[in-house]
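None of these values were measured; they are calculated from a predicted model.
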Amino acid sequence: MTRWLDHCLAAFPAEEFEKVAAKIEEKGLVKGRKVSRMLYASAVEVTPDKQGRIQLPAKLREYAGLDHDVTIIGSRSFAEIWNTEAWTANQETSDEDFTAAMEDLDF
């Protein structure tokens, strides 16, 4: 579990986090330093309890504004954990960004 883009959290399986780390390493120490600092300094390993719940450290909850309702979004190989109000606001303004991103992918 670590900080992620847009003030949400990312929950990676260990093997997927290692793939992210490898991509950062490919960029080199200088180019990858800001990303690696942010990801590694805030990363924590969490283990679900018997009911499948995880406990998030206060510093991560504070970063993402997780004080009440949360929204969990599947994002292929990891999950994003959002403050529900922030997620809703993001979705209200992201349609143009989505269209531009799809155009960049040549769909």
task: Begin from the C-alpha positions of K23 and E26 and carry the test salt bridge (charged side-chain N to carboxylate O under 4.0 Å, His left out) through to its verdict.
output: CA-CA 5 Å; K23 285 185 180 188; E26 287 174 10; over 6 Å; no
task: For S75, enumerate each residue passing the side-chain hydrogen bond (donor to acceptor under 3.5 Å, both in side chains) test, keeping only those at least two apart in sequence or located in another chain.
output: none
message: For E16, I'd like to know if atom CD has over 12 heavy atoms of other residues, nucleotides or ligands within 6.0 Å.
response: yes
message: Around atom CD of E15, are there more than 12 heavy atoms from other residues, nucleotides or ligands closer than 6.0 Å?
response: yes
task: Report the distance from atom CE of M38 to atom CD1 of I24, rounding to the nearest 0.5 Å.
output: 8.0 Å
Check whether any side-chain heavy atom of [X] sits under 4.5 Å from a side-chain heavy atom of [Y], and report yes or no.
| X | Y | value |
| --- | --- | --- |
| L66 | L56 | yes |
| D67 | R61 | no |
| V44 | T2 | no |
| M1 | L60 | yes |
| C8 | I81 | no |

message: Tell me whether K59 is salt-bridged to E62, with the criterion being a basic N under 4.0 Å from an acidic carboxylate O.
response: no
- line: Residues passing the side chain to side chain contact (heavy atoms under 4.5 Å, CB included) test with I73, sequence neighbours excluded, are T71, E80, W82, W87
Transitive ILVMFWY side-chain link [X] to [Y], under 4.5 Å:
| X | Y | result |
| --- | --- | --- |
| V46 | F17 | no |
| L39 | L5 | yes |
| Y40 | V35 | yes |

N83 side chain to A64 backbone, donor-acceptor under 3.5 Å: no
- request: Go through the structure and list residues passing salt bridge (Lys or Arg N to Asp or Glu O under 4.0 Å) with D49, not counting sequence neighbours.
  value: R53
- prompt: Are W4 and Y63 close enough that their ring centers fall under 6.0 Å?
  reply: no
